[in-house]
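The structure displayed is predicted, hence computed values, not measured ones. Positions are given from 1 along the sequence.
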Amino acid sequence: MTPGGEAGLNYLCAGLRAYFGHVDPYMRTMAGLLSQGRPANEIMDILRMEEAKPADRFVHAERNDPCPCGSGRKYKKCHGAA
Ligand SMILES: [Zn+2]
């Protein structure tokens with residue numbers, strides 16, 4: 001949807017929505033890095049860590065800790081949500 005709700009853009013918007021749905025976890029991770037004053041390209045290190053150790057960083061996360069995925073949200077509000 002465009003802010004104005006223009007007609008005729010639904011096809012494009014559906015494609016964009018699928019694209020953003022796919023990249024959203026990465027965008028959130030980068031936004032989290034930037035909000036912590038860290039360079040967004042640290043996402044490459046994070047992705048490498050995730051490939052090497054899929055769930056290890058989440059095992060010891062406390063519910064009120066920042067989520068290990070780097071989203072900047074608390075673990076209980078992110079990957080720790082029920
Ligand atoms: Zn998370």
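- Legend: ring pair (Phe, Tyr, Trp, His ring centres under 6.0 Å) pairs involving residues 29-49, not counting sequence neighbours: none detected.
- Within the structure, salt bridge (charged side-chain N to carboxylate O under 4.0 Å, His left out) contacts touching residues 25-36 (residues at least two apart or in different chains) are Asp24-Arg28.
- The side chain to side chain donor-acceptor pair (under 3.5 Å) pairs that include a residue from residues 64-78 are Asn64-Lys76, where partners are two or more places apart or lie in different chains.
- In this structure, NE2 in His79 is found 5.5 Å from SG in Cys67, a value given to the nearest 0.5 Å.
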Under 3.5 Å donor-acceptor pairs involving side-chain atoms of residues 38-47, not counting sequence neighbours:
{"residue": "Arg38", "atom": "NE", "partner": "Glu42", "partner atom": "OE1", "Å": "2.9"}
{"residue": "Arg38", "atom": "NH1", "partner": "Gln36", "partner atom": "OE1", "Å": "2.7"}
{"residue": "Arg38", "atom": "NH2", "partner": "Glu42", "partner atom": "OE1", "Å": "2.8"}
{"residue": "Asp45", "atom": "OD1", "partner": "Arg48", "partner atom": "NH2", "Å": "2.7"}

